[in-house]
Amino acid sequence: MTSAPTGQTHLGRLCRGSEIRNVLRGGRHFGGPAGVLKVKPGATPVSRLCVVASRRVGGAVVRNKVRRRIREIARREIHPEAEPADMVFRANHRAATMDFESIYEAFTRQLRKAKLLDRPRKQQWTGEG
RNA sequence: AGAGUGGGCCGGGCGGUCGCGGCGCCGCUGGCGUCGAGGAAAGUCCGGACUCCAUAGGGCGAGGUGCCGGGCAGCGCCCGGUCGGGGCGACCCGAAGGACAGCGCAUAGAGACGACACCGCCUCCUGCGGGGGGUGAGGAUGGAAGGGUGCGGUAAGAGCGCACCGGUCGGCUGGCAACAGCCGGCGUCUCAGCAAACCCCACCUGGAGCAAGGCCACAUAGGGGGACGAUGCGGCGGCCCGCCGCGUCCCCGGGUAGGCCGCUCGAGUCCCCGGGCAACCGGGGGCCCAGAUAGAUGACCGCCACCUCCUCGGAGGCACAGAAUCCGGCUUACAGGCCCACUCUCUCG
RNA sequence: GCGGCCGUGGCCAAACGGAUUAAGGCUCCUGACUACGGAUCAGGCGAUUGGGGGUUCGAAUCCCUCCGGCCGCG
């Protein structure tokens with residue numbers, strides 16, 4: 001398992017095994033072609049993300065690439081003023097062969113469902129960017 | 001021109017926007033500068049450095065290595081050579097000590113190493129069914145049959161005798177040596193293979209591993225030193241002798257993934273000169289070249305290379321693969337490309 | 001970072017230097033029995049012994065190397 005450091009302004013790291021298990025067990029489930037996203041209301045003022053890429057995904061190079069792409073998308077698309085959340089993304093083996101555009105579309109759809117692209121209690125903000 | 005052998009190297013380049021880690025600086029909720037994966041970072045198959053523990057010594061055992069010389073901190077690695085095998089050749093391959101220390105080698109076969117005769121051959125006897133003796137040349141068995149080839153010899157044969165080729169012993173010459181060449185002796189004794197089967201011989205090996213190990217903060221309460229010792233238990237590399245600890249008394253002050261150190265400057269790398277056939281070594285000068293701690297390199301765009309496709313202007317692709325204490329090797333994976341030396345065949349001059 | 005075990009027909013597996021078609025069971029196929037099926041009986045198909053290389057007369061077995069899977073310790 002790996003957890004990615006992310007943009008420190010509004011996206012932190014979720015590293016501890018107990019917290020990760022907590023999110024996986026009790027979080028809301030958002031499926032997608034590249035993997036599963038689990039979200040729970042944040043325990044800290046900033047949102048935190050953990051990307052899980054097991055050996056089923058591929059070798060070290062592939063797993064690093066998937067993890068970095070997910071983290072990059074989250075960094076750019078999650079709104080700084082959204083409700084802080086603890087997230088765990090578990091990548092599957094299909095993520096290894098997908099190009100960046102496909103992963104981008106799939107993951108942003110999951111984030112939109114989780115209402116993380118929006119500013120809370122304000123106007124709808126289109127997440128295209 | 002075609003086919004091939006050996007060695008070395010590269011592993012897309014330049015620029016821009018956003019983002020990440022280390023270090024340095026500044027006017028420090030940030031900014032600026034700078035550096036930021038590989039030849040294999042991999043497998044973890046060997047060897048070390050480093051750290052802690054153990055070190056009275058000895059015996060048994062276990063594992064590894066195995067032609068010679070050199071290189072190296074060391075190695076099971078590398079270089080050079082010897083011998084054997086393969087290739088027309090350049091070259092390539094080889095765990096390459098010992099089989100009179102022992103033991104074993106299925107089936108077949110008389111016999112697989114001090115034993116022996118199934119067929120055959122020769123000879124003698126005969127009551128013509130066969131029997132006695134000689135032989136190991138021929139056949140048969142087998143992966144392999146107690147040196148090989150030829151001539152002589154003989155009843156038939158056989159190192160029975162001779163010559164040559166091995167083999168072995170001794171000497172001489174060359175070589176540091178493995179070994180090679182030459183000379184002589186030996187067939188009464190001694191002549192096969194397998195030791196990546198056990199085994200013998202020689203040499204090597206203390207145990208763990210950076211989660212080593214150390215420092216700091218905090219809580220339940222544990223450790224260190226000295227003295228005494230029967231059994232039991234545990235530890236010391238597996239076992240034994242042996243040694244140490246657990247037990248009692250006295251004295252003194254502290255162990256765990258939270259943080260910090262170890263943590264990256266090193267048997268380093270590049271250039272030049274010198275020594276050496278070479279591996280490599282010596283000297284001089286230049287350079288600083290990742291240090292994360294759930295683990296930093298990503299995304300997008302433009303131009304130029306390279307490859308493929310076609311509607312000739314575009315589209316797609318661009319290997320294997322990601323540092324975790326650090327080095328030296330080995331092994332394995334790898335799109336495409338470059339350079340050097342050499343060999344064979346054909347053609348032309 | 002250390003250390004160990006395993007890989008044999010579709011499945012479970014035996015043989016650990018010795019010939020042979022690499023046992024045996026389940027499954028599957030064919031036949032018998034039955035009105036049909038099951039059970040039973042008889043016969044049969046099915047193997048690069050994880051891949052490659054080496055040692056040997058001979059390798060599933062010994063050695064080297066790679067691949068895959070499982071487990072243990074810190």
Side-chain angles (χ1 to χ4, degrees):
Chain A
M1 292 195 294
T2 50
S3 176
T6 47
Q8 56 182 351
T9 48
H10 63 280
L11 190 59
R13 284 180 262 178
L14 184 66
C15 319
R16 301 195 68 89
S18 56
E19 292 182 299
I20 291 166
R21 275 188 292 275
N22 184 37
V23 172
L24 286 172
R25 199 177 307 112
R28 292 186 61 204
H29 176 102
F30 302 95
V36 171
L37 178 67
K38 287 274 193 174
V39 181
K40 249 195 140 179
T44 57
V46 294
S47 290
R48 295 183 297 176
L49 173 67
C50 167
V51 180
V52 177
S54 76
R55 282 184 60 192
R56 281 187 59 84
V57 176
V61 175
V62 173
R63 290 191 285 157
N64 274 338
K65 193 155 206 159
V66 169
R67 176 167 51 78
R68 286 163 180 163
R69 280 171 164 174
I70 293 295
R71 186 236 302 141
E72 171 72 9
I73 293 162
R75 181 189 65 79
R76 287 205 301 199
E77 299 304 330
I78 290 177
H79 198 279
E81 293 173 29
E83 282 295 331
D86 288 345
M87 295 166 281
V88 175
F89 184 83
R90 185 168 56 207
N92 61 27
H93 66 282
R94 284 189 298 275
T97 51
M98 293 168 76
D99 59 8
F100 181 76
E101 206 169 324
S102 309
I103 292 177
Y104 179 87
E105 275 191 38
F107 188 46
T108 49
R109 193 174 299 122
Q110 287 166 282
L111 289 175
R112 191 177 298 115
K113 282 182 184 170
K115 306 273 192 252
L116 286 165
L117 304 184
D118 306 330
R119 230 173 295 184
R121 288 177 290 277
K122 287 188 180 177
Q123 281 187 327
Q124 187 83 11
W125 177 80
T126 50
E128 306 302 320

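Chain letters run A, B, ... following the sequence lines, proteins first and then strands; every chain starts at 1.
- Separation of the P atoms belonging to C/rG69 and C/rU27 is 31 Å when rounded to the nearest angstrom.
- Between A/K38 and A/F89, the closest side-chain pair of non-hydrogen atoms is not below 4.5 Å.
- The pairing partner recorded for C/rC41 is C/rG31, the criterion being a Watson-Crick or G-U wobble arrangement whose two distances lie under 3.5 angstrom.
- Atom C1' of B/rG47 sits at a distance of 13 Å from the matching atom of B/rA267, rounded to the whole Å.
- Taking CD of A/Q110 as the start and CD1 of A/I70 as the end, the distance is 7.5 Å to the nearest 0.5 Å.
- Annotation: B/rC338 and B/rC18 have their P atoms spaced 40 Å apart (nearest Å).
- Counting heavy atoms from C-beta outward, A/L37 and A/V88 have side chains that stay 4.5 Å or more apart.
- Comparing the P positions of C/rG1 and B/rC326 gives a spacing of 10 Å, expressed to the nearest Å.
- A donor-acceptor pair under 3.5 Å is formed between the side chain of A/N92 and the backbone N or O of A/P33.
- Applying the 90° cutoff around 0 to the glycosidic angle, B/rG159 is assigned syn.
- Annotation: the span from A/I73 atom CD1 to A/F100 atom CZ amounts to 4.5 Å, rounded to 0.5 Å.
- A gap of 10 Å separates the P atoms of B/rA155 and B/rU123, to the nearest Å.
- Going from the P atom of C/rU40 to that of C/rG58 covers 47 Å, rounded to whole Å.
- With hydrogens and angles ignored, the 3.5 Å screen pairs no side-chain donor or acceptor of A/S102 with any backbone N or O of A/M98.
- Under the Watson-Crick and G-U wobble criteria, each requiring two contacts below 3.5 Å, nucleotide B/rA341 is paired to B/rU5.
- Base-pair partner of B/rG76: not found among the strands shown (Watson-Crick or G-U wobble, both distances under 3.5 Å).
- The glycosidic torsion of B/rU44 lies more than 90° away from 0, placing the base in the anti range.
- Looking only at side-chain heavy atoms (C-beta outward), A/V57 and A/R63 come within less than 4.5 Å of each other.
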| task | Quick one, give me the B/S/- string for nucleotides 297-303 of chain B, reading 5' to 3', where B means a protein heavy atom under 4.0 Å from the base and S means that only happens at the primed atoms, P, OP1 or OP2. | result | SBSS---

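- Nucleotide B/rC320 holds its P atom 16 Å from the CG atom of A/N64, rounded to whole Å.
- Between the side chain of A/N64 and the backbone N or O of A/R67 there is no donor-acceptor pair closer than 3.5 Å.
- In this entry B/rC28 has no Watson-Crick or G-U wobble partner, no candidate having both defining distances under 3.5 Å.
- Nucleotide B/rA315 is matched to B/rU308 when pairs are restricted to Watson-Crick or G-U wobble geometry with both distances under 3.5 angstrom.
- Rounded to whole Å, the P atom of B/rG313 lies 44 Å from the corresponding atom of B/rG33.
- Across the strands present, B/rG61 finds no partner; the criterion is a Watson-Crick or G-U wobble pair with both atom distances under 3.5 angstrom.
- Searching all strands for a Watson-Crick or G-U wobble partner of B/rA108 with both distances below 3.5 Å returns nothing.
- Base pairing of B/rU248: its partner is B/rA227, meeting the Watson-Crick or G-U wobble criterion (both donor-acceptor distances under 3.5 Å).
- The glycosidic torsion of B/rG39 lies within 90° of 0, placing the base in the syn range.
- Shown here, B/rG129 is classed syn by the O4'-C1'-N9-C4 or O4'-C1'-N1-C2 angle, which is within 90° of 0.
- Rounded to whole Å, the separation between the C1' atoms of B/rA101 and B/rC200 comes to 7 Å.
- Anti is the classification of B/rU65, since its glycosidic angle lies more than 90° from 0.
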